Amino acid sequence: MNKLFEQGYLGTYVLKNRYILAPMTRVSSEADGTPNERVQRYYERYAKGGFAVVITEGVYPDTKYSQAYEFQGGLATEKHATHWKPIVESVQSHGALMIAQLMHGGAQTQGNFYTNVTVAPSPFTPPSDKAEIYGGSGRYPEAKELTLHEIEEVKQGFVQSAKYAKKAGFDGVELHGANGYLLDEFLSANINQRNDQYGGSVENRVRLLKELIADVKEAVGGTMIVGIRISQLKATDKSYTWSGGEEEASIIFSELGKTDVDYIHISDDDAMTPGFGEGTMTMSEVAKKYAGKPVIACGRLGDPEKAEAVIEQGKADFIAIARQALANPDTPNRVKNGEELQAFDGKAILTPKAYVKDFELEM
């Protein structure tokens, strides 16, 4: 596993290996989004286990429409930032970087401490029921269309949240533009039916993401890493693909490549599977080719040999794991030492609710 344990670079930081903890929704903060001691122990175990970077679950950036789940962590207030600070310090004390993933729920919001209203680029109702393992039930309501003024408020929320992340000591932020949440909804032609500068052409649909990258970069500057997560699939529609296929993907990643984003994080069902049909490139390969930025691949890479191949074949620069990490919070250390990995038992770990369970905190 030589490639997995080579140093890598994100922004100005040198990473000790290529293992990154993928963001995973854990609905374990307080009702007002304040992270607690359980959250701290949860993240610290991955840093102890050898991960070079720990990315938080999606945390909401404002106190209006962005929260997606009850008991989701927030980074929208001074109180949130204050309570994240010792968590960040505990992760960094074990030699890992910590990145806050900033996420706006959009139409996929199923629990918000501040409002019952949901928003999207255009009026939209997600096609599946709310996720019971994250505390939801029943159908989603129809989300209302954001006005241009409200889009500016969304942008300001992300920027302020990035400032809170810097104040809390995070090494970077990741904009969640994947899995059907708000930024991904702007990318998706079937959801984004706008006829202004944020809708229509691919270039228009990626505009908000580019503006956010620029605004956040300007706000936090310096050594703070700014990344973005991208996917085709959605939490409420696992079969969704970009209607324009590989050509559309090439435009999206070319446009993102024109920004100062430090990395692109690809979320896929299987990182080694062609992203647009037989004979096409993987999503990560398209991102590397057209964006020219460091790429993190995520999607069924728990097998160390498969993960090694992704790096060795140049399909991505880093790999992120989720389910395998839940079963083995010390995956990098185990792989490095040639130790056996425990099998992932989704029923035991994620049901009846995907919160942080006591047995998971043991090392």
Side-chain angles (χ1 to χ4, degrees), residues 33 58-69 72 74-77 100-110 112-126 140-165 173-220 226-231 234-236 240 242 248 251-253 255-256 258-261 264:
V59 295
Y60 62 86
D62 64 56
T63 57
K64 293 193 72 174
Y65 305 120
S66 65
Q67 184 180 357
Y69 303 105
Q72 177 188 2
L75 197 47
T77 68
Q101 187 191 67
L102 309 184
M103 170 185 135
H104 192 302
Q108 285 183 173
T109 293
Q110 63 178 43
N112 189 313
F113 186 74
Y114 309 96
T115 182
N116 292 323
V117 178
T118 62
V119 296
S122 308
F124 177 71
T125 304
Y140 287 90
E142 182 180 73
K144 79 178 188 73
E145 179 175 317
L146 286 164
T147 66
L148 287 174
H149 175 71
E150 287 172 328
I151 289 175
E152 288 302 314
E153 290 182 333
V154 167
K155 290 164 63 178
Q156 291 167 16
F158 274 98
V159 169
Q160 180 57 59
S161 187
K163 290 179 179 179
Y164 282 135
V173 294
E174 177 177 284
L175 305 177
H176 197 346
N179 305 118
Y181 299 107
L182 184 68
L183 300 186
D184 183 33
E185 290 167 2
F186 271 87
L187 273 182
S188 304
N190 71 317
I191 300 174
N192 184 351
Q193 298 292 308
R194 302 180 70 91
N195 56 13
D196 57 16
Q197 65 266 40
Y198 293 107
S201 69
V202 182
E203 291 84 356
N204 278 358
R205 286 185 274 119
V206 77
R207 185 186 304 275
L208 178 58
L209 282 68
K210 292 175 62 180
E211 291 178 349
L212 272 175
I213 291 167
D215 290 350
V216 169
K217 269 285 187 179
E218 182 179 0
V220 297
V226 177
I228 190 163
R229 198 176 208 214
I230 299 291
S231 72
K234 310 191 185 311
T236 54
Y240 183 88
W242 289 337
E248 181 174 333
I251 297 172
I252 289 171
F253 292 122
E255 290 296 312
L256 292 175
K258 296 175 183 177
T259 71
D260 290 330
V261 74
I264 296 174

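Remember, predicted model here, so these are calculated numbers, not experimental data.
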side-chain hydrogen bond (donor to acceptor under 3.5 Å, both in side chains) involving [X] - partner list, sequence neighbours excluded:
| X | value |
| --- | --- |
| N204 | R207 |
| E185 | none |
| Q72 | none |
| Q67 | none |

**Study point:** Residues forming a salt bridge (Lys or Arg N to Asp or Glu O under 4.0 Å) with K234, sequence neighbours excluded
**Key:**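 K234 satisfies salt bridge (Lys or Arg N to Asp or Glu O under 4.0 Å) with D184 only.
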
Practice problem: List in chain and number order the residues that pass salt bridge (Lys or Arg N to Asp or Glu O under 4.0 Å) with E153, two or more places apart in sequence or in another chain; answer none if no residue qualifies. | Solution: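 So E153 forms a salt bridge (Lys or Arg N to Asp or Glu O under 4.0 Å) with K64.
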
Side chain to side chain contact (heavy atoms under 4.5 Å, CB included) against [X], all qualifying residues, sequence neighbours excluded:
| X | value |
| --- | --- |
| N192 | P121, S122, F186, R194, R205 |
| E142 | P123, T125 |
| K155 | I151, E152, Y198, L208, E211, L212, D215 |
| A143 | A107, T118, A120 |

Pair K144, V117 - check side-chain contact (heavy atoms from CB on, under 4.5 Å), show working. CA-CA 8 Å; K144 79 178 188 73; V117 178; 4.0 Å; yes

Check your understanding: Hey, mind stepping through F158 and L183 against side-chain contact (heavy atoms from CB on, under 4.5 Å) and telling me if it holds?
Key -> CA-CA 11 Å; F158 274 98; L183 300 186; 4.1 Å; yes

Search all heavy atoms of [X] against all heavy atoms of [Y] and return the closest pair with its distance.
| X | Y | answer |
| --- | --- | --- |
| P61 | M103 | CD-O, 3.1 Å |
| L75 | Y164 | O-CD1, 3.8 Å |
| V173 | A162 | CG1-CA, 4.2 Å |
| A165 | A100 | CB-CB, 4.5 Å |

TODO: Taking the side chain as every heavy atom from C-beta outward, state whether L256 and I230 have any pair of such atoms under 4.5 Å apart.
DONE: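 L256 reaches I230 side chain to side chain.
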
I would like to know whether W242 and I252 meet side-chain contact (heavy atoms from CB on, under 4.5 Å); could you show each step before the answer?
-> CA-CA 11 Å; W242 289 337; I252 289 171; 3.8 Å; yes

Please name all residues satisfying ring-ring contact (aromatic ring centres under 6.0 Å, His included) with Y114, sequence neighbours left out, ordered by chain then number.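 Partners of Y114 under the ring-ring contact (aromatic ring centres under 6.0 Å, His included) test: Y60.
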
I'd like to know if the side chain of S66 reaches the main chain of D62, judged simply by a donor and an acceptor atom lying under 3.5 Å from each other, with no hydrogens or angles considered.
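It does hold such a pair.
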
Counting N and O atoms only, with roles assigned by atom type, does the side chain of Q193 sit under 3.5 Å from a partner on the main chain of A189, one being a donor and the other an acceptor?
->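 It does hold such a pair.
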
Could you grab the distance from atom OH of Y65 to atom OG1 of T115, nearest 0.5 Å is fine?
->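 The distance works out to 6.0 Å.
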
Please tabulate, for side-chain N and O atoms in residues 175-182, each donor-acceptor pair with protein atoms closer than 3.5 Å (sequence neighbours left out).
{"residue": "H176", "atom": "ND1", "partner": "A178", "partner atom": "N", "Å": "3.3"}
{"residue": "N179", "atom": "ND2", "partner": "S267", "partner atom": "OG", "Å": "3.4"}
{"residue": "Y181", "atom": "OH", "partner": "Y69", "partner atom": "OH", "Å": "2.6"}

Inset, instruction - Before accepting this row, confirm whether a basic side-chain N of the pair K210/E203 lies closer than 4.0 Å to the acidic partner's carboxylate O. - result: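 So K210 does not pair with E203 through a salt bridge.
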
* Asked: Per the side-chain contact (heavy atoms from CB on, under 4.5 Å) rule, which among L102, T259, D260, V216 passes with V226?
  ->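 Single pass found, and it is V216.
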
Query raised in the report: More than 12 heavy atoms of other residues, nucleotides or ligands under 6.0 Å from CD of E218: is that the case?
Result: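 No - once you tally the heavy atoms of other residues, nucleotides and ligands closer than 6.0 Å, there are 12 at most.
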
